[in-house]
Number of protein chains: 2
Amino acid sequence: MRLSTRSHYGLKAMFDLAQNYGSGPIPLKTVAERQNLSDHYLEQLIAMLRKAGLVKSVRGAQGGYVLAREPSAINVGDIIRALEGPIAPVYCVSEKDPGSCDEADYCITRTVWARVRDGFTAVCDSISLADMCREAKESHKR
Amino acid sequence: MRLSTRSHYGLKAMFDLAQNYGSGPIPLKTVAERQNLSDHYLEQLIAMLRKAGLVKSVRGAQGGYVLAREPSAINVGDIIRALEGPIAPVYCVSEKDPGSCDEADYCITRTVWARVRDGFTAVCDSISLADMCREAKESHKR
DNA sequence: GGATATCATAGCATAACACTCGGGTATTGT
DNA sequence: ACAATACCCGAGTGTTATGCTATGATATCC
């Protein structure tokens, strides 16, 4: 099981924006430098996040990106879905468009994959950016 | 999030062997036909399962494959690991060889991926082939 | 010894991934 | 006005994984 680096980088970037939430728009270059990512590549990723309605952009000088909602209202699952598409361990149990499998009715393996998917999404949807910020604060104390 | 078809096909094949557990070795061609898979490709997959110690082979005429252990002692996680390698949403939290990330100590996103991984493995390791056989029997009643 | 199987390796077309590059457009401050 | 800043967009590219197919060798049973 593997996610692409899109999720990896995307979560880093979103976490960065969450930690700076309230300080106005943050230029992408700043995020890329802080998180040690290629800024050109990150641009493509943030475009996906913008189209998914997770971030808002402010163009021009002193512009940048801001979270579209409060950190507590954005969770890891949102980010993964925006960057990797609907969550599906195998195509026939895709979140979106269940996939047309003629064995769907009686296929036992299918129900297994559905449970695997649900276990995965349960975790992803239970962790918000706000949770991560809180955790970061606590780990910094020590 | 996506698994390759290896897991998809592999689970189907292993489930087939589980349902025929106790009837001696099953030739791969039979499994492939029943599960509607390319037998040549399945051969490669079962080789991986054999090397992982999940199935035993009997060569020659009247030969075939048998589960190496009882269906209750083989779970979905075993099969996925055999076919896809160690489970890791992102490289830095791989089950095997955690990956050398210099940010590992303080990286918050890393702890998130670890939780995602654990949620995933918890489900996979909780479903055995025996469970699937039982489920199949019950759904057949109806 | 022939039929039936597993075993092993190589090859190959397609697609996804992880970028880079080169521009264009909007906004701000001077 | 104009330059600097920063978002926006599409095309191109090397690498890797995927999902096969094909060919042949080896072992075992009857």
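A note on names: the letters A, B, ... follow the listed sequences, proteins ahead of strands, and every chain is numbered from 1.
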Between [N] atom [atom2] and [X] atom [atom1], what is the distance in whole Å?
X: A:Leu42; N: C:dT20; atom1: CG; atom2: C1'; answer: 14 Å
X: B:Leu49; N: C:dC7; atom1: CG; atom2: P; answer: 12 Å
X: B:His40; N: C:dT9; atom1: NE2; atom2: P; answer: 15 Å
X: A:His8; N: C:dC19; atom1: NE2; atom2: P; answer: 11 Å
X: B:Glu33; N: C:dA5; atom1: CD; atom2: P; answer: 11 Å
X: A:Tyr9; N: C:dA18; atom1: OH; atom2: C1'; answer: 7 Å
X: A:Glu84; N: C:dC17; atom1: CD; atom2: P; answer: 7 Å
X: B:Ile46; N: C:dA5; atom1: CD1; atom2: P; answer: 15 Å

_Nucleotides bounding contact with chain B, strand DNA chain D, heavy-atom threshold 4.0 Å_ =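 Endpoints of the contacted stretch of DNA chain D: D:dT18 to D:dC29.
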
*What about A:Gln44, does its side chain sit under 3.5 Å from the base of C:dT20 through a donor-acceptor pair?*
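Flag set: donor-acceptor pair detected.
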
Polar atom pairs (N or O), protein with nucleotides 27-30 of chain C, under 3.5 Å:
{"residue": "C:dT27", "atom": "O2", "partner": "A:Ala61", "partner atom": "N", "Å": "3.3"}

*Could you pick out which residue, A:Arg2 or A:Arg50, lies toward the 5' side of DNA chain D when each is mapped onto its nearest nucleotide?*
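Per heavy-atom nearest nucleotide, the more 5' residue is A:Arg50.
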
_Quiz question: by atom type and distance under 3.5 Å, do the side chains of B:Ser23 and B:Asn20 form a donor-acceptor pair?_
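No donor-acceptor contact under 3.5 Å links the two side chains.
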
*Does the side chain of B:Ser57 get closer than 4.0 angstrom to OP1 or OP2 of C:dC7 through an N or O atom?*
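Affirmative; the distance criterion is met.
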
*Under 4.0 Å: is that the gap between some side-chain N or O of A:Ser4 and OP1 or OP2 of C:dA16?*
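Looking at the OP1 and OP2 atoms of C:dA16, neither is under 4.0 Å from any side-chain N or O of A:Ser4.
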
*Heavy atoms only: give me the nearest A:Gly77-A:Asp125 pair and the separation to one decimal.*
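Here A:Gly77 and A:Asp125 meet closest at CA-OD1, 3.5 Å.
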
*asked:* Which heavy atom of A:Leu83 sits nearest to which heavy atom of A:Gly10, and what is that distance?
replied: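 Heavy-atom minimum between the residues: CD1-CA, 3.7 Å.
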
*asked:* Walk me through whether A:His140 and B:Tyr106 qualify under ring pair (Phe, Tyr, Trp, His ring centres under 6.0 Å).
replied: CA-CA 8 Å; A:His140 192 264; B:Tyr106 56 91; over 10 Å; no

*Determine the contact category for B:Leu28: base if any of its heavy atoms lies under 4.0 Å from a base atom, sugar-phosphate if only primed atoms, P, OP1 or OP2 are that close, otherwise nothing.*
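If one applies the 4.0 Å heavy-atom cut-off, B:Leu28 turns out to touch the sugar-phosphate alone, with no base involved.
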
*asked:* If you define the side chain from C-beta out and look only at heavy atoms, does anything of B:Trp113 sit under 4.5 Å from A:Leu3?
replied: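 A side-chain contact under 4.5 Å exists here.
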
*asked:* Could you tell me if the side chain of A:Val31 sits less than 4.5 Å from the side chain of A:Pro27, heavy atoms only?
replied: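 Side chain of A:Pro27 against side chain of A:Val31, heavy atoms only: no contact under 4.5 Å found.
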
_Let me spell it out: for each of A:Glu43 and B:Tyr65, pick the nucleotide of DNA chain C with the closest heavy atom. Which residue's pick is nearer the 5' end?_
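Its nearest nucleotide being more 5', the pick is B:Tyr65.
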
*Apply the test side-chain contact (heavy atoms from CB on, under 4.5 Å) to residues B:Gln19 and A:Ile108: give CA-CA distance (whole Å), side-chain angles for both, the deciding distance (0.1 Å), then the verdict.*
CA-CA 12 Å; B:Gln19 286 196 303; A:Ile108 301 297; 5.9 Å; no

*Take B:Ile74 and B:Ser128 through the test side-chain contact (heavy atoms from CB on, under 4.5 Å) and record every step on the way to the result.*
CA-CA 6 Å; B:Ile74 298 176; B:Ser128 73; over 6 Å; no

*Report the C-alpha distance between A:Val76 and A:Leu129 in whole Å, list the side-chain angles of each, state the deciding distance to 0.1 Å, and finish with yes or no for side-chain contact (heavy atoms from CB on, under 4.5 Å).*
CA-CA 7 Å; A:Val76 176; A:Leu129 291 175; 5.9 Å; no

